[in-house]
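All figures in this text were calculated on a predicted structure; none of them were measured in a lab.
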Number of protein chains: 2
Amino acid sequence: MSKAQDTRAHVMATAERLFARHGLSNVSVRQITAEARVNLAAINYHFGSRDGLAMAIFRRRASELARDRLDRLRKLEADGGADLRAILGALLGPPLEWCCGGEESRDAVRFLIHARGERHPEIRRLINTHLDVLLRFAASIARVRPDLPEDEIYWRLFFTLALEHDLCSESERLVNLSGGACRRDDLEAVLDRVRDFAVAGVDSPARAQRDAQPRAAQ
Amino acid sequence: MSKAQDTRAHVMATAERLFARHGLSNVSVRQITAEARVNLAAINYHFGSRDGLAMAIFRRRASELARDRLDRLRKLEADGGADLRAILGALLGPPLEWCCGGEESRDAVRFLIHARGERHPEIRRLINTHLDVLLRFAASIARVRPDLPEDEIYWRLFFTLALEHDLCSESERLVNLSGGACRRDDLEAVLDRVRDFAVAGVDSPARAQRDAQPRAAQ
DNA sequence: GTCTATATGTTGATAGAC
DNA sequence: GTCTATCAACATATAGAC
């Protein structure tokens with residue numbers, strides 16, 4: 001690997017860590033180059049601009065996440081038995097495993113989530129490029145629950161992703177709220193909990209069915 | 001109302017709108033004062049600093065939201081019949097009604113959510129001040145579901161708040177994902193959907209109960 | 001209280017030596 | 001490819017006239 005490739009990768013890793021921890025808008029070119037111990041001009045040389053660097057990181061990580069999710073979903077469907085719990089496991093597993101894994105992969109997820117929240121138009125455009133994976137999951141859910149209307153599936157998929165977002169980026173609040181009673185270090189336990197919640201929500205009866213069986217107390 | 005109070009309030013309203021739409025870190029003192037058509041020094045005079053202004057807005061809105069939620073919960077409990085759906089309605093109703101209400105209240109919610117995501121230590125300290133309201137809700141849920149362990153309740157409360165966060169700040173993604181099939185302009189419909197999902201997750205059986213009745217296919 | 005003028009620092013990006 | 005030096009634009013905050 002050439003020296004250039006070397007510093008390029010090193011700058012990306014350092015920037016990702018800083019972006020993930022302090023937010024995209026709160027990290028300057030100077031902070032990154034100082035932390036990475038490379039020259040101030042390196043970012044502009046290798047990535048054109050600070051935003052170019054952020055986009056390069058986003059492109060790479062978003063692709064990795066999409067591929068990881070898709071691989072699991074394909075394997076599931078190839079094996080034939082894709083029940084809802086397994087499908088949602090393929091969706092939620094990758095980011096949560098990254099999040100509970102080493103420092104680097106945790107920062108990768110947090111970077112992605114930060115980036116998704118950015119108003120920056122270029123990034124928002126890029127996000128819509130990766131929608132197809134989520135549509136695959138929607139189709140997979142529709143196969144298990146053919147009674148659900150299309151828009152209902154999208155709502156429930158959206159809610160499921162919301163669980164993942166907050167869990168990866170705001171879990172500190174859960175620790176504060178629970179006074180330490182909730183631990184987030186046991187991946188299996190965390191994954192089970194969020195999957196329980198998501199399955200319950202996604203697999204609940206369709207509104208039409210529920211309206212047909214109104215409760216007496218209502 | 002004095003002239004000073006007048007510009008003070010006007011600056012807060014303008015700043016809240018800009019903060020909500022572009023993010024806390026992406027709005028400068030100059031943008032705010034220009035948009036509000038007040039003097040550049042006004043912010044430092046009335047609030048000490050740009051961060052002081054942000055904190056003043058946060059304090060006000062966080063208190064309003066907390067009071068709104070608490071009032072509903074108290075009324076519910078006073079009437080005796082606080083079922084889970086009603087409790088979660090008291091939790092989710094205020095932010096969603098704000099979000100679907102006028103421009104100003106929508107910006108108020110989005111400001112709060114943006115602020116919650118900030119790494120700024122002063123704001124994070126302030127957030128923990130408002131935890132007591134959430135603990136009230138946790139206690140209320142515990143009364144309906146005394147079989148749930150304490151930490152399980154916090155997990156589910158945390159997940160419920162995650163739904164609200166993404167719904168108020170990232171609902172644009174839902175529209176993109178669904179190709180326009182999901183509409184977010186009908187407050188009652190949105191509130192019903194998120195409440196359905198939340199109730200299903202929060203009211204699902206405790207893990208211990210589920211383990212005692214393992215499914216055959218597992 | 002409101003304003004102008006300004007002090008002081010930081011930002012992203014680049015030109016040109018090596 | 002890497003570095004130093006520097007630019008122009010932006011930031012926050014304040015001192016002092018009115």
Side-chain angles (χ1 to χ4, degrees), chain A residues 1-59 111 114-115 118-126, chain B residues 1-59 111 114-115 118-123 126:
Chain A
M1 185 181 283
S2 72
K3 182 79 180 292
Q5 291 280 334
D6 203 45
T7 61
R8 205 186 131 90
H10 183 220
V11 164
M12 283 180 78
T14 307
E16 180 175 64
R17 188 174 65 240
L18 292 174
F19 282 145
R21 298 185 183 183
H22 307 114
L24 279 179
S25 345
N26 302 324
V27 178
S28 68
V29 172
R30 307 179 110 89
Q31 279 174 267
I32 299 167
T33 52
E35 177 96 3
R37 296 180 185 267
V38 299
N39 191 267
L40 174 61
I43 287 179
N44 286 281
Y45 177 76
H46 285 285
F47 303 95
S49 69
R50 181 183 155 283
D51 284 13
L53 166 61
M55 294 261 291
I57 299 172
F58 184 83
R59 243 187 305 269
F111 170 84
H114 262 120
E118 283 292 311
R119 297 279 162 268
H120 203 75
E122 280 235 54
I123 288 186
R124 296 196 89 83
R125 190 186 54 74
L126 215 64
Chain B
M1 188 182 280
S2 71
K3 183 78 179 293
Q5 291 281 334
D6 203 46
T7 62
R8 204 187 130 92
H10 183 220
V11 165
M12 283 180 78
T14 308
E16 181 177 63
R17 189 173 63 241
L18 292 174
F19 282 145
R21 298 184 183 183
H22 307 114
L24 279 179
S25 346
N26 302 324
V27 178
S28 68
V29 172
R30 308 178 105 88
Q31 280 173 268
I32 300 167
T33 52
E35 177 97 2
R37 296 180 185 267
V38 299
N39 191 267
L40 174 61
I43 287 179
N44 287 282
Y45 176 76
H46 285 286
F47 304 95
S49 70
R50 180 182 155 283
D51 284 14
L53 165 61
M55 294 263 291
I57 299 172
F58 184 83
R59 242 187 305 269
F111 170 85
H114 262 121
E118 284 292 311
R119 297 279 162 269
H120 203 75
E122 283 235 53
I123 288 185
L126 215 65

Taking OP1 and OP2 of C:dT11, is either one under 4.0 Å from a side-chain nitrogen or oxygen of A:Ser28?
->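 Yes, within the criterion.
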When you measure from the side chain of [X], which nucleotide among [options] comes out closest?
X: B:Asn39; options: D:dA13, C:dA13, C:dT4; value: C:dT4
X: A:Tyr45; options: D:dT2, C:dA13, C:dC3; value: D:dT2
X: B:Leu40; options: D:dT2, C:dG1, C:dA5; value: C:dA5
X: A:Gln31; options: C:dT11, C:dG12, C:dT4; value: C:dT11
X: A:Ser49; options: C:dT2, C:dT4, C:dA13; value: C:dA13

Length of the line joining [X]:[atom1] and [N]:[atom2], which is rounded to integer Å:
X: B:His22; N: D:dA11; atom1: NE2; atom2: P; answer: 13 Å
X: A:Ile32; N: C:dT10; atom1: CD1; atom2: C1'; answer: 15 Å
X: B:Asn26; N: C:dT11; atom1: CG; atom2: P; answer: 15 Å
X: A:Leu53; N: C:dT11; atom1: CG; atom2: P; answer: 15 Å
X: A:Arg37; N: D:dG1; atom1: CZ; atom2: C1'; answer: 20 Å
X: A:Arg50; N: C:dT11; atom1: CZ; atom2: C1'; answer: 10 Å
X: A:Asn44; N: D:dT6; atom1: CG; atom2: C1'; answer: 14 Å
X: A:Leu24; N: C:dT11; atom1: CG; atom2: P; answer: 16 Å

Please state whether the base of C:dT10 and the side chain of A:Arg30 form at least one donor-acceptor pair under 3.5 Å?
->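 For A:Arg30, whose side chain was compared with the base of C:dT10, there is no donor-acceptor pair (under 3.5 Å).
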Which part of the nucleic acid, if any, lies within reach of A:Ile43 when heavy atoms closer than 4.0 Å are counted: base, sugar-phosphate only, or nothing?
->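 Contact class for A:Ile43: none.
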Please round to the nearest 0.5 Å and tell me the distance separating atom CD1 of A:Ile32 and atom OG1 of A:Thr14.
->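 Result: 8.5 Å between the selected atoms.
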Would you confirm whether A:Arg50, through its side chain, and A:Val27, through its main-chain N or O, come within 3.5 Å as a donor-acceptor pair?
->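 The answer is yes, because a donor-acceptor pair under 3.5 Å joins these two groups.
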Test applied, salt bridge (Lys or Arg N to Asp or Glu O under 4.0 Å); reference residue, A:Glu35; option that passes from A:Arg21, A:Arg17, A:Arg30 |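 That would be A:Arg17; it is the only one of A:Arg21, A:Arg17, A:Arg30 passing the salt bridge (Lys or Arg N to Asp or Glu O under 4.0 Å) with A:Glu35.
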